Amino acid sequence: MTNTNTKTKTKTEATPAKTANGPSRSKGGSDQVVSIPKRHEEERKRLPIYSARDAILAGIKKHPSVIIVGETGSGKTTQIPQYILEAGWAQYGAIAVTQPRRVAATSLARRVAEEAGTKLGQRVGYTVRFDDTSSPHTKLKYLTDGMLMREILSDPLLHRYNYVLLDEAHERTLRTDILFGMLKDIQSKRHQLKPNGSATTTPRIVDELKIIVMSATLDAERFAKYFNNAEILYVEGRQFPVRVFNTLEPQPDYLDSALVTALQIHTEQGPGDVLVFLTGQEEIENLEKLLLEQRQRLPAEAQDLLVCPLFAALPPAQQALVFTPAPPRTRKIILATNIAETSITLPGIRYVIDTGVHKSRGYSSKIGIESLLVAPISKSSARQRTGRAGREALGYCYRLYTEDGFAQLEEDSEPEILRCNLAAAILQLKAAGVNDVLDFDYMDRPPKLALLRALEQLYALNALDDTGRLSKLGKWMAEFPLDPCFAKVLFESQAHQCTHEVIDIIALLSVDTLFMMPFHKREEAAEARQKFTSLDGDHITFLNLQKAYQSVKGDSQWCSDHFVNHRGMHHVQEVRKQLRQVCERVKVNPNVSCGHDFDRVLQCFTTGFFHQTALLQPDGTYRSVIGSQYVRIHPSSTLFGKRHEAILYNELVFTTRLYVRGVSAIQANWIPEASPRYFRQGQLTAKAALPSVKGP
DNA sequence: AAGTGTACA
C-alpha cells in the first residue's frame with residue numbers, strides 16, 4: 001500500500017465490483033504504485049496538516065460529508081486528496097477537487113502530480129475550459145467548479161467520482177453554491193441506489209459519494225448543518241502573525257490616508273513591500289500619480305520606491321512586474337484591486353494598507369439592473385487582506401478605519417447567488433433535472449422575486465414551456481457555454497442565416513476590454529480604433545476587428561500597434577472554436593454567412609436582447625424599454641453621443657450613472673417582433689414603456 | 001460629452 005512510516009489504514013472501504021461504465025484500471029506501469037516519492041516525502045510530512053492525516057481519513061471514512069476548516073498554507077488542497085489516494089480509496093471511483101479559478105486548478109494539479117511522482121494527465125490531472133489533461137487513468141482531478149457543473153449535465157449522478165472536494169467554499173461563488181445543492185442531491189440519490197441501502201430499485205451498483213467541503217473561515221457550522229450535520233475538522237495554517245493598526249478617527253478621504261500611510265511606511269519602516277487595496281483602475285492610477293510626485297521629494301540618500309499597479313484589465317506584461325523583485329535599495333508599493341485578495345498571491349509583502357472598501361456587483365431583480373458600486377468590505381475580507389502581509393514573515397496591516405468601524409462590518413460578504421441575475425444558473429439546474437427550482441435546497445435561498453424573474457426571462461426566450469418545464473429549445477440552449485440570451489441569439493441565427501457572424505460576435509462579447517485605453521495614450525488608441533468602427537454600433541465594430549485580426553493571423557505586434565487586447569483576442573478565438581464545435585455537434589452549420597447584410601445580424605441579436613433595448617426620446621436621451629429608465633451610452637461605445645431611434649445593449653450597469661455598454665442601433669419595430677410571447681403577455685411594464693411601438 | 005471589482009462554462 002503506502003511506503004510511509006506512519007500507521008495508515010491500509011484497509012480499503014468495502015468496494016463493490018467494478019461497474020460497467022466505471023473507469024478501467026491501468027495495467028502495469030509504475031503509475032499504479034501508490035507511494036510518496038522520496039524527494040517530497042519529508043517536505044509533505046512537515047506540512048501542518050500532516051499530523052491530522054489519520055483523523056481526517058477517519059472522519060472521511062465515517063461520515064458522508066466532512067467540513068475541513070484550514071487557512072492558507074495548511075496544505076489541505078494538495079494533501080487531503082493524496083491521503084485518500086494513498087489509502088487506496090480511489091481504486092474504482094475517482095476524486096474531484098473543484099476550484100473557483102482556472103489558474104488554481106491547473107497549478108495545483110501540476111504540483112500534486114509532481115509530489116505524487118506521476119506525469120500530469122496520468123494518475124493526477126486537471127480539466128478547465130479549453131484545456132483538459134485528464135485521461136481514463138486519472139484518479140485525482142482538479143477542475144473548475146463550472147467544469148464540474150457541466151460534467152453533471154452529461155453524468156447526472158457523477159458516477160466516475162467517489163469523492164468530491166469543494167475548495168474555497170467560503171468564497172460562496174454562484175457556481176459553488178449551485179454545486180452544493182446539486183451534490184447534496186446526488187449524494188442522497190446514490191445512497192438510495194446503494195446495494196445495501198433501503199431502496200434497491202436498480203440493478204446498477206453505485207458507490208456512495210463523499211462530499212468534502214474546504215473553507216478558510218471559521219464559520220463552519222452553517223456548512224455542517226446544511227450538509228446533514230457533517231463532521232467539522234480543523235487544520236492549522238502556516239501563517240506568520242500580523243500586527244494590525246486601526247486609525248483613531250474615521251478617515252474622510254481614504255485615498256489621501258493611503259498616500260500618507262504608504263509614504264510613512266516607506267520612510268520609517270524596515271524592508272518589505274507594501275500592498276494597498278483600492279477599489280478600481282481610476283483610483284489606482286490617481287494614487288500612482290500622487291506617489292510618483294512624492295517620490296521626487298524623497299531625500300537623495302533615501303531608498304527608492306517603485307509603484308506597481310495591479311488590476312485584471314492591466315496588460316499581462318505590466319501585471320508580471322509585481323512578481324519581479326524590486327531593484328536593490330528599492331521598495332515596491334503595489335496598488336491593487338481585490339484581485340490581490342484571492343486571485344493573485346504576491347511574494348514579499350510585509351505591509352498591507354486596507355482602505356476597507358471594494359467595488360461590489362449588485363443586482364436588483366425588481367428593476368433588473370446590475371450595479372457596480374464602492375461598498376465596505378466584510379470582516380472576513382478584512383482578515384484575508386491582513387493575512388496577505390504574513391505569508392513569509394511577520395507583517396503589519398494598517399486599516400484605514402477605526403476599530404469601531406471594523407466592528408460594524410458584516411461578518412461575511414453576501415453570497416453571490418443573492419445578488420446576481422439567476423437566469424443562467426436556473427437554466428443549468430433545469431438541464432440537470434432539477435425542475436422545481438423554487439424548492440431547490442439552496443444553502444442561501446435567493447429571494448423569490450429573483451427566481452421568478454429568472455423563470456420569466458427563460459420563458460420569454462422560449463426556453464421553458466407553459467408549465468415551466470425546459471422546452472426542446474431550452475435543452476438545446478443548455479448545451480452551449482453561454483448566457484441564455486446569447487444561446488437564443490445563436491439559435492435564431494439559423495433562421496436569419498448569419499450563424500457565422502453571430503458566433504464571432506458572441507465570442508467577441510465574451511471579453512470585457514477588446515480595445516485598450518492606456519492612461520497616457522488615449523487619443524492614439526481612439527484613433528487606431530476608428531479603423532474598425534461601424535456606424536451600426538459595437539457589435540459590427542467588433543466583427544470588423546475579428547476580420548482584421550484574422551487577416552493578420554493574430555499578429556501580436558499588429559495588436560499592440562492598434563491598441564487591441566492580444567490576450568483577449570486569443571480568448572475570443574478559443575470561444576469561437578468551441579462554439580463552432582458545439583454547433584457541429586448539434587447539427588448546426590457554423591459557416592452560414594449573411595455577407596454584409598448586418599441588419600439580419602442585429603435583428604437576430606434583438607431576439608435574445610429585446611429586454612435590453614432603449615428608445616430615443618424627443619429630448620435626445622434614451623429610455624429603456626423595460627423599467628423606463630433613463631440610460632446613457634457608455635463612453636467606451638462607438639455609439640457614444642450618437643442618436644438612433646432604438647438601441648440594443650449587451651449590458652446595463654449602474655456605476656456613477658446608469659450606463660449601457662456593447663450598444664448597436666436597431667429599428668424600433670424589431671423589438672416587439674423579437675418576442676411575441678413576451679410583449680403579448682405584457683407581464684412586465686414593457687408595453688407601457690413602448691408608446692411608439694405597436695405590439696402584435 | 002466622459003469611464004469597467006473578480007471569476008467561470
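Just so you know, these numbers come straight off a predicted model, no measurement behind them.
Checking R388(A), R385(A), R383(A) one by one against D354(A), the salt bridge (charged side-chain N to carboxylate O under 4.0 Å, His left out) holds for a single residue, R385(A). Partner of I349(A) under the side chain to side chain contact (heavy atoms under 4.5 Å, CB included) criterion, chosen from V274(A), L275(A), V322(A): L275(A). Exactly one of R102(A), R150(A), R175(A), R172(A) qualifies for a salt bridge (charged side-chain N to carboxylate O under 4.0 Å, His left out) with D145(A). That residue is R175(A).
Each salt bridge (Lys or Arg N to Asp or Glu O under 4.0 Å) pair with one or both residues in residues 368-382 of chain A, not counting sequence neighbours, appears once here: R361(A)-E370(A), K379(A)-E411(A). Screening residues 562-582 of chain A for salt bridge (Lys or Arg N to Asp or Glu O under 4.0 Å), with sequence neighbours left out, gives D504(A)-R576(A). Listed by first and then second residue, the side-chain hydrogen bond (donor to acceptor under 3.5 Å, both in side chains) pairs involving residues 414-430 of chain A are N421(A)-Q457(A), K430(A)-N435(A) (not counting sequence neighbours). Applying the ring-ring contact (aromatic ring centres under 6.0 Å, His included) definition to pairs two or more places apart or across chains, those involving residues 568-588 of chain A are F130(A)-H571(A).
The residue E341(A) sits apart from the nucleic acid: no heavy atom pair falls under 4.0 Å. Looking at heavy-atom distances under 4.0 Å, I339(A) makes contact with sugar-phosphate atoms alone, never a base. Here V653(A) lies out of heavy-atom contact (under 4.0 Å) with every strand. R129(A) comes within 4.0 angstrom of a nucleotide base, judged by non-hydrogen atoms across all strands. Across all strands shown, T337(A) has heavy atoms under 4.0 Å from sugar-phosphate atoms exclusively, and none from any base. When heavy atoms are screened at a 4.0 angstrom cut-off, L482(A) is found touching base atoms of the nucleic acid.
Residues A313(A) and E282(A) both approach DNA chain B. Their nearest nucleotides, taken by heavy-atom distance, put E282(A) toward the 5′ side. Map R361(A) and D483(A) each onto its nearest nucleotide of DNA chain B; the residue landing nearer the 5' end is R361(A).
Between Y649(A) and F605(A), the distance from one ring center to the other does not fall under 6.0 angstrom.
At a non-hydrogen distance threshold of 4.0 Å, H634(A), P635(A), S636(A), F640(A) from residues 631-644 of chain A come into contact with DNA chain B.
Running 5' to 3' along DNA chain B, contacts with non-hydrogen atoms of chain A at under 4.0 Å begin and end at dA1(B) to dA9(B).
Salt bridge present: K141(A) and E151(A) bring a charged side-chain N and a carboxylate O closer than 4.0 Å.
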